[in-house]
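Worksheet: one structure, shown below.
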Protein chains: 2
Amino acid sequence: MVSIKDVARLAGTSFKTVSRVINDDPAVREETRGKVLKAIGELGYRPNSAARTMRSQRSGVIGFISDRVTTQPHAGDILRGAQQVADAHDKVLMVVNIDRDAGFCHRQRALDMLLERRVEGLLYACDYHREVELPREMGMVPSVLANGFAPEGEVPTFLPDEQRAAREITRLLLDQGHRRIAYLGLNPRLAAASLRLAGYRQVLEEAGIGVDEALIQPALVGVPDGDERSTVEGAIDALLASSPRPTAILCGQDSTAMQLYLALACRGLCVGRDLAVASFDDQRPISTFLTPGLTTMRLPHLEMGQQAMHCLLAGPQEPGIVRLPFVRVERQSHRVAGMPSHPPLSESAVTDGL
Amino acid sequence: MVSIKDVARLAGTSFKTVSRVINDDPAVREETRGKVLKAIGELGYRPNSAARTMRSQRSGVIGFISDRVTTQPHAGDILRGAQQVADAHDKVLMVVNIDRDAGFCHRQRALDMLLERRVEGLLYACDYHREVELPREMGMVPSVLANGFAPEGEVPTFLPDEQRAAREITRLLLDQGHRRIAYLGLNPRLAAASLRLAGYRQVLEEAGIGVDEALIQPALVGVPDGDERSTVEGAIDALLASSPRPTAILCGQDSTAMQLYLALACRGLCVGRDLAVASFDDQRPISTFLTPGLTTMRLPHLEMGQQAMHCLLAGPQEPGIVRLPFVRVERQSHRVAGMPSHPPLSESAVTDGL
DNA sequence: CTGAAAGCGCTTACAG
DNA sequence: CTGAAAGCGCTTACAG
């Protein structure tokens, strides 16, 4: 490989001057700089980052510990967000995947590797909102946590604001004139389950409508990493049998909404004509390809990645939880012909083509 | 940070002996090794990879250029596969995301970064099967391409075997006794579109059934990165109107199958009772959550990542295209009560719980 | 089995 | 504005 000395020889300067040029040191005469840049171009010189790291004692590397974020659809956006911010700060990301099935050994090796690379910080990201046990090594460098929470809670933590999202989407259905709003929920094992349900209850109580327990059904779907099949059929029949029949059904996640659309169609009912539907996550292509398009609360994956990385690069931070808002994506499913309609309550709405 | 010299001082050896221990050099007495390991443990010493890289001239890093693989659901499995193999070879991956919207500048910076880190190889991975223009820099280090193809075709390339998958799934429907098999295809702009269609045609021709052009409809769905809505309604009506009515419909992708299930339900038709359906991709949770479960050909994402990385680490390779088989995932949707059933043709079948 | 010397390619700290 | 020296933490190549 060509080194700084080769460049110096060709440019007719000392190698120290070359170092100044590649570090944008202003204390170099324009003419000298030109000669050096020309030599760099001719030789195809690239600085050796290992040498820089060793001498400067700064690696410029942030470790991204992916607890399967590249497996769960859309959770990869956490990585994208983190990368955008790291990029803007001239840091690079070293990504390691921690697969649960790979066992502890794999995780240990990954962490050793990151620490041997002298990462300047660690971002731990989960595939879905859940509790995680952080590796001890995370105490050795500045660390943050995205889309998960640790029992000890000792690092800055960025989570989706489940309860607020549930309040917002329930509010939206109320604003559409619905008063009988059912909730076809999540598997109770999920951290999001109780939070979303709580938000739903809260808004109905506040609105003075109150909660009809007959309108709440958990969908016994698997956790995101499972392959369990859901049978929402029973839950849907129970909801439809309640009297008066609900005019809107809020689903705990988009895949449940998909099952609901299908189950309703099999019963001769049509979303957008007979019933309104809304949901959580914005899991494409489900949410975009259903007819009518699914109105849903988009998980702030990108935002969690961005904010977590910002926090990490901003220097030492207090541990604590930051909850980030979902983005409301209004398509057509929350509208039913013949219902009185009101303007939305919040400004964070996004209206999606069609 | 603690260095090799600190360890040597504590262990009472020369620092060279410490180096031998951390490199598993057998030429160290057991007693000496024990003392060194003890000192390493007490001091929490970790080798500095920058120093090792500089001296040994080998970085141990492979660059993974992700052309949005973390954005497209399941394409992240390419990364997982690559990581598994890299791991087994004691290489680490440096992942960079190339977002199309981030422009050329971003891509250039990412490549510069990788080359400055002295990557020993580059793996370029695409989010979906398509043509890509490889950056020139890829000629400077050993490189491979996964899930995409370059016009010049100058690097080893790993692609899903679309045509073979189409043959296999069409065959499966034939074996179920179907003779009127419709094809609700992909957007013709997709590379997979013509290949899957060709496989379908080929099998029908070979079986002596011939192709009824009335049974072929393109679904005008968007390409995976778009947000275009599909209207398969017209296509489905056309298929159902053909005479005799098809008994099976093969979809170009799972999201189209989802739309099909729904459209059929709206018309009073039930998959598994009135019609068989099969598809491509195995895009969870669509394929697992539909009722009945969707029989589909799973894209070999994991396998592309594994094989591409294997190829990269195996040393210099001839450029050329390797097509990897999909995995047939049999759920329930290809079965219709009352059809004569035959055993599957191929061994690569996977049967998914329920 | 163990060690002293040289050097990988840079940046730091100091001089001029 | 430019340069000569020292050293980051290891491994390599050689000696004993």
Side-chain angles (χ1 to χ4, degrees), chain A residues 1-40 43-61 90 92 112-120, chain B residues 1-40 43-61 90 92 112-120:
Chain A
M1 287 301 296
V2 23
S3 87
I4 210 177
K5 290 185 182 170
D6 303 309
V7 176
R9 198 173 309 120
L10 184 61
T13 66
S14 78
F15 68 87
K16 177 56 212 159
T17 300
V18 178
S19 171
R20 288 201 174 87
V21 171
I22 61 181
N23 286 293
D24 287 324
D25 186 331
V28 179
R29 226 192 329 159
E30 265 318 307
E31 187 192 335
T32 316
R33 179 186 307 279
K35 281 194 296 188
V36 169
L37 289 175
K38 182 155 168 288
I40 286 175
L43 295 173
Y45 167 75
R46 285 170 200 280
N48 181 320
S49 85
R52 296 179 120 170
T53 293
M54 185 155 70
R55 186 63 252 238
S56 68
Q57 302 285 58
R58 288 182 297 103
S59 67
V61 177
D90 271 316
V92 310
D112 284 343
M113 186 277 286
L114 291 173
L115 292 172
E116 288 178 12
R117 303 261 157 198
R118 299 296 189 263
V119 290
E120 298 173 8
Chain B
M1 286 302 294
V2 22
S3 86
I4 210 174
K5 290 184 184 172
D6 304 308
V7 175
R9 197 173 310 120
L10 184 61
T13 67
S14 78
F15 69 87
K16 178 55 212 159
T17 299
V18 179
S19 171
R20 286 201 176 89
V21 171
I22 61 181
N23 285 292
D24 286 325
D25 187 328
V28 180
R29 227 191 331 158
E30 265 318 307
E31 186 193 335
T32 317
R33 179 187 308 278
K35 283 193 296 188
V36 169
L37 288 174
K38 181 155 169 287
I40 287 175
L43 296 172
Y45 167 75
R46 284 169 200 280
N48 181 319
S49 85
R52 296 178 120 172
T53 294
M54 186 154 69
R55 187 62 254 237
S56 68
Q57 302 286 58
R58 287 181 297 106
S59 66
V61 177
D90 272 314
V92 310
D112 284 344
M113 185 277 284
L114 290 174
L115 292 173
E116 290 178 11
R117 303 261 156 197
R118 300 296 189 263
V119 290
E120 298 173 7

Boundaries of the chain A footprint along DNA chain D (any atom under 4.0 Å from a heavy atom): D:dC1 to D:dG9
Shortest non-hydrogen separation from A:Glu120 to A:Gly60 and the atoms involved: OE2-N, 2.5 Å
Closest approach of A:Arg117 to B:Ser59 (non-hydrogen atoms, all atoms of both residues): NH2-O, 3.2 Å
Nearest heavy-atom neighbours spanning A:Tyr45 and A:Ile4: CE1-N, 3.7 Å
Closest non-hydrogen atom pair between A:Val28 and A:Thr17, with its separation: CG1-CG2, 4.4 Å
Heavy-atom neighbours of B:Lys5 NZ exceed 12 at 6.0 Å: no
Step-by-step side chain to side chain contact (heavy atoms under 4.5 Å, CB included) determination, A:Val61 to A:Arg118: CA-CA 7 Å; A:Val61 177; A:Arg118 299 296 189 263; over 6 Å; no
Dot-bracket line, read 5' to 3' along DNA chain D, where crossing pairs take [ ] and | marks a partner on another strand, Watson-Crick or G-U under 3.5 Å: |||.||||||||.|||
Position toward the 5' end of DNA chain C (nearest nucleotide), B:Thr32 or A:Ser19: B:Thr32
Exercise: identify the closest heavy-atom pair between A:Leu43 and A:Val2: O-CG1, 3.6 Å
Nearest-nucleotide comparison on DNA chain C, the residue closer to the 5′ end among B:Ala51 and B:Ser14: B:Ser14
B:Thr53 versus A:Ala50, closest heavy-atom pair with distance: CG2-CB, 3.7 Å
